[in-house]
Q: 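The following block contains the structure, expressed as structure tokens.
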Amino acid sequence: MPLMHVRFRRFTSLNTTIRLREGQIYVGLSDLLEGAPEAVHRAIAHILLAKLYRKPISAAHNLRYKRFASSAAVTRQTELIRHARGSKRYLGPEGRFYNLEEVFDSLNMRFFGGLLGRPELTWSEHMAKRSLGHYDAAHNTIVVSRVFDRPSSPRYAIEYLLYHEMLHLKHPVKMRGLRRCVHSSEFKAEEARFPQLAEAMAFIRRL
Ligand SMILES: [Zn+2]
């Protein structure tokens, strides 16, 4: 077996490369794959080696990798990274009407005693309506959809969205057996304390 060098690199997509040079194999994997399940790493290894040696790719491995690559969480993360690394249109916290850092700091004082560390905050590049806000733990970034950055969008709606994501900072994902528990009962109890919860939810539903 040739000596192998495997490195995770900062690609802007789920890139993988494999090369044989002077009897040694060089593999480059996007760092987006670093946290992938072991079965996915095995599938990638199989696919890359099959390509290198021009052997057929097993359908099961191919399917496993395709499923992983197209899963919602992964596509969202690749998109985010592509925006952050690959494009100059990374918007940052300063919107046209609202500044996310200012909103974050005021919520931090009101609800968290100023104790939460401020992550990266950014408006989404697109007017996303499917993902209104999310916290990306791997890159410590809260992304808020730009649909909220307009005068017709009440401040409490943005506050609620950020508040929800801030609770994710405070309550990391717990494992209950094999299940990930994202919104624990403590999380939900604390979310219910948001004063304009009902108005915010109604506004979001109208969106
Ligand atoms: Zn959530």
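Both ligands and their constituent atoms are indexed starting at 1 by order of listing.
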Q: How many angstroms lie between CG in L48 and NE2 in H61, if you round to the nearest 0.5 Å?
A: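 Here the rounded value is 12.0 Å.
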Q: Between the main-chain N or O of V147 and the side-chain N or O of R150, is there a donor-acceptor pair closer than 3.5 Å?
A: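 Flag set: sc R150 to bb V147 pair under 3.5 Å.
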Q: Taking the six-membered ring of Y26 (Phe, Tyr or Trp), confirm whether the NZ or CZ of R21 is under 6.0 Å from its centre and within 45° of its axis.
A: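 Verdict for Y26: a cation-pi partner in R21.
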Q: Can you see whether E186 engages H171 through a side-chain donor-acceptor pair at a distance of less than 3.5 angstrom?
A: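 Distance-only check fails for E186 and H171.
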Q: Quick one: name the protein N/O/S atoms under 2.8 Å from the Zn ion (ligand 1), chain by chain.
A: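 Less than 2.8 Å away from the Zn ion (ligand 1) sit H164 NE2, H168 NE2, H183 NE2.
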Q: Would you give me the side-chain donor-acceptor pairs under 3.5 Å for residues 191-207, sequence neighbours excluded?
A:
| unit_1 | atom_1 | unit_2 | atom_2 | d |
| --- | --- | --- | --- | --- |
| E191 | OE2 | Y160 | OH | 2.7 |
| E191 | OE2 | H164 | ND1 | 2.6 |

Q: Just by modelled atom types, is the R146 backbone N or O under 3.5 Å from a matching donor or acceptor in the S124 side chain?
A: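 A pair under 3.5 Å: yes.
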